Number of protein chains: 2
Amino acid sequence: MNIGDVADLSGLPAKTIRYYEDIGLVEPLRSSNGYRSFRQSDVHKLAFLARARALGFTIEDCRSLLKLYADTDRASAEVKQIAEEHLDRIDSKIAELTEMRATLSHLVDACAGDHRPDCPILADLAMEQKAGSISKASG
Amino acid sequence: MNIGDVADLSGLPAKTIRYYEDIGLVEPLRSSNGYRSFRQSDVHKLAFLARARALGFTIEDCRSLLKLYADTDRASAEVKQIAEEHLDRIDSKIAELTEMRATLSHLVDACAGDHRPDCPILADLAMEQKAGSISKASG
DNA sequence: TGTTGACCTTCCAGTAACTGGAGGCCCTAT
DNA sequence: ATAGGGCCTCCAGTTACTGGAAGGTCAACA
């Protein structure tokens, strides 16, 4: 199977598949004309990668997961740990974004958004650290 | 003021401040010894940047916001628009992460996480597109 | 006066995970 | 023969920094 077919099947761009080969995630064969030749197992692996990436696992996570997937004797605990760590990262990110959202939404609501120059958003951004003791206290 | 002092005041690493100069966000003066010499207005600007970046505005957003900030005649609507677009991006990101979180958390809950090899997480990741018509339908 | 040591400088390279593009070969159809 | 599409490699760019090497500057101290 050529890269275009595999791209269609896995949902990954051909560029990305080549990249995944570069970094050693897949190792397709080569045809005599130099074209990459993908086996069914390669397609399966790429679909696995597409799914894991869509769930936000990093490439290095994916590498670990693929190893664990290939090892039929692995303990599910190992996989679960990777997933739980990822879940924690997701939770942190959501919390961070939610806080940003709250602040920003507050500012947006406070801004008239008209032709006049007064803008609470800029005012907040420009807010000076009056006390001086605020910013670098516990860095 | 030297870069170290400004770093302390703004909360930004010196490296980052140099980078901001590289990309034209600040233009500190230079002392005779070649050291960067920051005015109060530079410090103010950097604090503005630190705050905006903490709220997740991109560098290009920051560039626009700084321009608008410098222009005392701007309409608050312009600022509000940037902020609202950013708010939308945040909302999308939160939605995406929340969906990931739900799926992943479901899988983690389903996984025993013990010494046995059965693992619903890997099973899901490896899930084959049986129908074949699923993946590339509306690309 | 010499020498630490902290602070500053520039420049280069690397991060994560691709993406875009140039230049060129391969294959099929007309 | 020629047109087109698919494939190849290699290089560069993306975002927003961050780390490190090699070296200049400055204040303090013996």
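Just so we're clear, the structure is a prediction, and the values are computed from it rather than from any experiment. First the proteins, then the strands, lettered A, B, ... as listed; each starts at 1. Heavy atoms only: backbone and side chains are in, while hydrogens, waters and symmetry mates are out.
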Note to self: Please report the interatomic distance OG(B:Ser64) to CD(B:Glu85), rounded to the nearest 0.5 Å.
What the structure shows: 9.5 Å

Checklist line | Pairing of B:Glu96 and B:Lys93 as salt bridge, 4.0 angstrom limit | finding: yes

Margin query: Does the protein touch nucleotides 12-18 of chain C at the base, only the backbone, or not at all? Give it as B, S and - per nucleotide, heavy atoms under 4.0 Å.
Written below: -----BB

Check: Under 4.0 angstrom, heavy atoms only, what part of the nucleic acid is B:Arg18 near: base, sugar-phosphate, or nothing?
Finding: base

Notebook entry, point to check: Under the ring-ring contact (aromatic ring centres under 6.0 Å, His included) test, which residues partner B:Phe48, sequence neighbours left out?
Noted result: B:Tyr69

Check: Does B:Arg30 make a side-chain N or O approach to OP1 or OP2 of C:dT10 shorter than 4.0 Å?
Finding: yes

Notebook entry, point to check: Within this structure, what is the CE-to-P distance between A:Met1 and D:dC7, rounded to whole angstrom?
Noted result: 12 Å

Next item on the list: Would you kindly compare B:Asn33 and A:Glu21 by the position of their nearest DNA chain D nucleotide and give the one closer to the 5′ end?
Entry: A:Glu21

Notebook entry, point to check: With sequence neighbours excluded, what pairs up with A:Asp61 under the side-chain hydrogen bond (donor to acceptor under 3.5 Å, both in side chains) test?
Noted result: A:Thr58, A:Arg89

Margin query: Heavy atoms only, 4.0 Å cut-off, all strands: where does A:Ile3 land among base, sugar-phosphate and nothing?
Written below: sugar-phosphate

Checklist line | Verdict with reasoning, A:Thr16 to A:Arg53, per side chain to side chain contact (heavy atoms under 4.5 Å, CB included) | finding: CA-CA 12 Å; A:Thr16 300; A:Arg53 292 290 298 127; over 6 Å; no

Item checked: Charged N-O contact under 4.0 Å between B:Arg63 and B:Glu60 -> yes

Next item on the list: Measure from CD1 on B:Ile23 to P on D:dC17 and round the result to the nearest Å.
Entry: 8 Å

Margin query: Quick test of your reading of the model: are A:Asp42 and A:Lys45 salt-bridged, counting only N-O distances below 4.0 Å?
Written below: no

Notebook entry, point to check: Partners of A:Arg101 by side-chain hydrogen bond (donor to acceptor under 3.5 Å, both in side chains), sequence neighbours excluded?
Noted result: B:Asp91

Checklist line | Side-chain N,O (A:Arg36) to OP1/OP2 (C:dC26) below 4.0 Å | finding: no

Next item on the list: Quickly work out the B:Lys93 NZ to D:dT15 C1' distance and round it to whole Å.
Entry: 13 Å

Item checked: Pairwise ring pair (Phe, Tyr, Trp, His ring centres under 6.0 Å) hits with a residue in residues 9-28 of chain B, at least two apart -> none

Checklist line | Angle by which the axis turns from one end of the helix from C:dT1-D:dA30 to C:dT30-D:dA1 to the other, five pairs per end, to 10 degrees | finding: 30°

Notebook entry, point to check: Does A:Pro13 or A:Tyr35 map to a spot on DNA chain C nearer the 5' end, using the closest nucleotide for each?
Noted result: A:Pro13

Next item on the list: Take atom CG of A:Asp22 and atom C1' of D:dC11, then tell me their distance rounded to the nearest Å.
Entry: 13 Å

